[in-house]
Amino acid sequence: MIDITLPDNSVKQYDEGVTALKVAQDISEGLARNVLAAKVNDEVWDATRPITENASVQLLTWNDIDGKAAMWHSSAHLMAEAIEILYPGVKFGIGPDIENGFYYDIDFMDYEISEKDLVKIEKKMQELARQKQVFERLDVSKDEALAYFEEKGDEYKLELINELEDGTITYYKSGSFTDLCRGPHIPSTGVIKAIKLTKVAGAYWRGDENRKQLTRIYGITFPKKKELDEYLVLLEEAKKRDHRLLGKELELFTFSQKVGQGLPLWLPKGAELRERLETYLKTVQKKAGYAPVISPHIGNVNLYKTSGHYQKYGEESFRPITTPVDGEEFFLKPMNCPHHCEIFNAKPHSYKELPIRYAEFGTVYRYEQSGELHGLTRVRGFTQDDAHIFCTPDQIKDEFNGVIDIIQQIFTALDFKDVIIQISLRDPDKKEKYIGSEENWQKSEQAIMDVAADRGLNAVVEYGEAAFYGPKMDFIVKDAIGRKWQLGTIQVDYNLPERFDLTYIGADNEKHRPVMIHRAPFGSMERFVAVLIEHCGGNFPLWLIPEQAIILPISEKYNEYGKKVLALLDQMGIRATIDNRSEKTGRKIRDAEMKKIPFMFVVGEQEEIDNNLSVRKHGEGDLGKFTVEEISNIINSEVEKMMNLK
RNA sequence: GCCAGCAUAGCUCAGUUGGUCAGAGCAGCUGAUUUGUAAUCAGCAGGCCGUGGGUUCGAAUCCCUCUGCUGGCUCCA
């Protein structure tokens, strides 16, 4: 007999070889039906794997991440089985579960696969799932495994097996499909009720560009049809918020084949919105002691040789710009830091001046592979809300605090409530990889950790993720529908001060090396605006939105009064337009609602006589009558409150 | 860059096996209407069917090139 301890600390006695599934059955049949896997002594196991010693057992269902993982991994096997039946002779790479579903990389040999084939595969999967195939776990020796896949002619599996140690190799068998797999799996395919194969894509074998490209099929499965439907609704919602669609609809930005891919063109409304963001940040930064600087869009090749970027990026960047004079070579600037270093070098500095903070909305150009480009989130020309802080090692902590103040203020003003922070430090085992002195690294890493602790930040520490030149802190926001986006960043740099020989004179009258901090609260204006659009679904905060209000005259008779109101609103600093088309009020309201304009001012005979407006709020409806001054003050105070500038 | 797919009017899309197939809705323009909280009516105008080439008596439709767009290419049996 062995003891099985359940999460509530109750202990039950069973014969040796009992399975988690049996334990579940003893609790209730309903639970047993829903068990996908089990955590046995903190290791995820098949619910059907015999337990041979005293153990703690936690039953995993669809509500557990590990339960979902087992389900999706099993779904990958199910898909492979279906594909092997439909396309005999194909070879399999790997088929793991992922954050949202699963995929399998497959070498389809001579078969041509496109999305049209997915339906066929889905049907076959459904058919196999209904057979309630049981997943069987088998221990095999390395030789056996090699022989099996040798015969099958699957060189991908052979490669994987060769990297494994004998004695640790297991097969999983379900229906006609046997796969090299460490598991765990669900008890049977019967729990897979809803299947959706989502896309076909190419993926290099083991992510290596130099190796063969396999066909990757993505899919997701659910234990209930209803859950699949909900998932599809969420995808639809994400589609509606796509910044590329909304950017077009709201006339914010566009792209042109003639101008070139990855080079966004900002339309008037988008440019105004962006300008408002920039002005806001400039105001905040000015208060925080930043000095504006401006640098050109190109730099001599020697600048980048000094900075080290030439050696690193020279080959995979835009080609150099040459001049009529021999030997002159320029590069489009891929970052602003080298320019800012030279600004620092323009004159000697005393320790009394530090920290020095140079800020610039600097437009940079980077050659991204064409397939990497995506709307405004991945472009070839973009503007960073960049700044570089030059300070002493002892000032790092204060400077981090100052930057975090700015970032939090911005996120609040833009209604990003859910922020995760990632702190990237050195890999403690490979300290030789990093440039800069041990003392300085310790100081900066400690400073960052202290800041996070002092402020009670929701931070995750990643060792080994630091850049070779310094540790960093990244800000990741969750948007309105739960997607994560990396935005702002703060990075310590021990490299460029060295390369540019940056110095300041200390109290001891000796030269010292300053520390450089790169920081960008938005990241880039392009990416930030994209994330903002998707976050608010185009319903921008009142202080940012291009059109705050629209005047809707009941008929052409009241256009004159409307224009008068427009002039008054303008004086009050409200961004408004007028819809003086010969349309019915219902039509004008509908159009304004669709354009997501926050305030609609209906004016007709009554309003003209009383010298006021009927106010309608977007998504809410009629608010009643207000004078121009009253409503302007309401809007302006709302704006002021949101911007939180003191 | 690579794999898969896509490219028809400003936008969203129809166009069956190559032969009155160049269309619709919205937007735009003109006119009528003078409108009270989510679509008034009528008319007009809009496109070398992404580019270049090929097959054919004949190509938006079939083949190739290029350009651009979409999804994917770090989730490790």
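Below, read A as the first sequence line, B as the second, and so on, with proteins coming before strands; counting in each chain starts at 1. The figures that follow rest on heavy atoms only: side chains count, while hydrogens, waters and symmetry mates do not.
- Of the C1' atoms belonging to B/rU51 and B/rC6, the separation is 16 Å, rounded to the nearest Å.
- Among the protein residues, A/Glu583 comes within range of the nucleic acid bases, having at least one heavy atom under 4.0 Å from a base atom.
- Annotation: of the two residues near RNA chain B, A/Gly604 and A/Cys181, the 5′-most nearest-nucleotide partner is A/Gly604.
- Using modelled atom types, one side-chain atom of A/Glu122 and one backbone atom of A/Leu197 make a donor-acceptor pair closer than 3.5 Å.
- The CG-C1' distance, from A/Asp242 to B/rU12, rounds to 15 Å in whole Å.
- For A/Glu556, the side-chain atoms get nearest to B/rU33 when compared with the rest of B/rC69, B/rU37, B/rU33.
- The residue A/Lys199 sits close only to the backbone: its heavy atoms come under 4.0 Å of sugar-phosphate atoms, none of a base.
- With both ends at atom C1', the span from B/rU16 to B/rC73 equals 37 Å, rounded to whole Å.
- Taking 4.5 Å as the limit, every side-chain heavy atom of A/Glu638 sits out of range of all side-chain heavy atoms of A/Ile635.
- For B/rG1, its base never sits under 3.5 Å from the side chain of A/Tyr367 at any donor and acceptor pair.
- Comparing the P positions of B/rG43 and B/rG58 gives an interatomic distance of 39 Å, to the nearest angstrom.
- In this structure, A/Leu245 atom CG and B/rC11 atom C1' are separated by 11 Å, rounded to whole Å.
- Ring geometry for A/Phe253 versus A/His243: interplanar angle of 30 to 60°, hence tilted.
- One donor-acceptor pair, N or O on each side, does fall under 3.5 Å between the base of B/rU35 and the side chain of A/Ser582.
- Counting distance only, with no hydrogens placed and no angle test, the side-chain atoms of A/Glu368 and the base atoms of B/rG1 include no donor-acceptor pair under 3.5 Å.
- We find that CZ of A/Arg581 is positioned 14 Å from P of B/rU30, with the value rounded to whole Å.
- Here A/Arg244 reaches the OP1 or OP2 of B/rU70: one of its side-chain N or O atoms lies under 4.0 Å away.
- Put simply, A/Gln261 has a side-chain N or O that comes within less than 4.0 Å of OP1 or OP2 on B/rC69.
- Comparing the C1' positions of B/rC44 and B/rC2 gives an interatomic distance of 49 Å, to the nearest angstrom.
- Taking atom C1' in both B/rG5 and B/rG50, one finds a spacing of 16 Å when rounded to whole Å.
- Each of A/Glu136, A/His185, A/Arg137 was scored for a side chain to side chain donor-acceptor pair (under 3.5 Å) with A/Tyr172, with one residue passing: A/Arg137.
- The nearest whole Å value for the distance from the OH atom in A/Tyr104 to the C1' atom in B/rC76 is 12 Å.
- With hydrogens and angles ignored, a donor-acceptor pair under 3.5 angstrom links the side chain of A/Arg616 to the base of B/rA38.
- Comparing the C1' positions of B/rC49 and B/rC29 gives a spacing of 24 Å, expressed to the nearest Å.
- Of the C1' atoms belonging to B/rA45 and B/rA22, the separation is 16 Å, rounded to the nearest Å.
- Comparing B/rC76, B/rU37, B/rC69 by their closest approach to the side chain of A/Ile94 singles out B/rC76.
- Rounded to the nearest Å, the gap between the C1' atom of B/rG18 and that of B/rU55 is 11 Å.
- Each of A/His374 and A/Met594 lies near RNA chain B, and the nucleotide nearest A/Met594 is the one positioned closer to the 5' end.
- Remark: the A/Arg587 side chain and the B/rA39 base include no donor-acceptor N/O pair separated by less than 3.5 Å.
- Residue A/Tyr218 is classed as a sugar-phosphate contact, given heavy-atom separations below 4.0 Å to backbone atoms only.
- Considering only side-chain atoms of A/Ser370, the nucleotide from B/rG1, B/rG36, B/rG71 that sits closest is B/rG1.
- Side chain A/Gln213 to base B/rC2: a donor-acceptor pair is found below 3.5 Å.
- Pair assignment for B/rU34: none, as no Watson-Crick or G-U wobble contacts are both less than 3.5 Å.
- Comment: A/Glu372 does not engage A/Arg366 in a salt bridge, judged by the lack of any side-chain N to carboxylate O separation of less than 4.0 angstrom.
- Taken to the nearest 0.5 Å, the CG atom of A/Asp591 stands 4.5 Å off from the CZ atom of A/Arg587.
- In this structure, the nucleotide among B/rG1, B/rG36, B/rU67 sitting nearest to the side chain of A/Gln606 is B/rG36.
- On a pure distance criterion of 3.5 Å, a polar donor-acceptor pair joins the side chain of A/Ser614 and the base of B/rG36.
- The base-pairing partner of B/rU20, taking Watson-Crick or G-U wobble contacts with both distances under 3.5 Å, does not exist among the strands shown.
- One interatomic measurement links the two molecules: CD of A/Gln257 to P of B/rG52, which rounds to 13 Å at whole-angstrom precision.
- For A/Arg206, whose side chain is taken as the heavy atoms from C-beta onward, the closest listed nucleotide among B/rG1, B/rC76, B/rG36 is B/rC76.
- A/Leu164 comes within 4.0 angstrom of a base, heavy atoms only.
- For the pair A/Ile161 CD1 and B/rC76 C1', the computed distance is 15 Å after rounding to whole Å.
- For an aromatic pair to be called close, the ring centres must be under 6.0 Å apart, and A/Phe92 with A/Phe177 satisfies this.
- For B/rG46, the glycosidic angle deviates from 0 by 90° or less, giving a syn base.
- B/rC6: Watson-Crick or G-U partner is B/rG68, with both key distances under 3.5 Å.
- Across B/rU70, B/rG72, B/rC73, the shortest atom-to-atom separation from the side chain of A/Tyr204 is found for B/rC73.
- Atom CD1 in A/Ile589 sits roughly 15 Å away from atom P in B/rU35 (whole-Å rounding).
- Residue A/Glu620 is classed as having no contact, given no heavy-atom separation below 4.0 Å to the nucleic acid.
- With a cut-off of 3.5 Å on both Watson-Crick or G-U wobble distances, the partner of B/rG25 is given as B/rC11.
- Of the candidates B/rC76, B/rA39, B/rU35, B/rU35 carries the atom nearest the A/Lys557 side chain, counting heavy atoms from C-beta on.
- Considering every non-hydrogen atom in both A/Phe135 and A/Thr48, the closest pair reads O-OG1, 4.4 Å.
- Between B/rA38, B/rG1, B/rC76, one nucleotide has an atom nearer to the side chain of A/Glu593 than all others, and that is B/rA38.
- The CG atom of A/Leu487 sits 10.0 Å away from atom NE2 of A/His535, with the distance rounded to the nearest 0.5 Å.
- Among the atoms of the strands shown, only primed sugar atoms or phosphate atoms (P, OP1, OP2) are found under 4.0 Å from some heavy atom of A/Arg216.
- The nucleotide whose nearest atom lies closest to any side-chain atom of A/Tyr103 is, among B/rC11, B/rU67, B/rC75, B/rC75.
- Listed nucleotides: B/rU40, B/rU12, B/rG68. Nearest to the side chain of A/Lys248: B/rU12.
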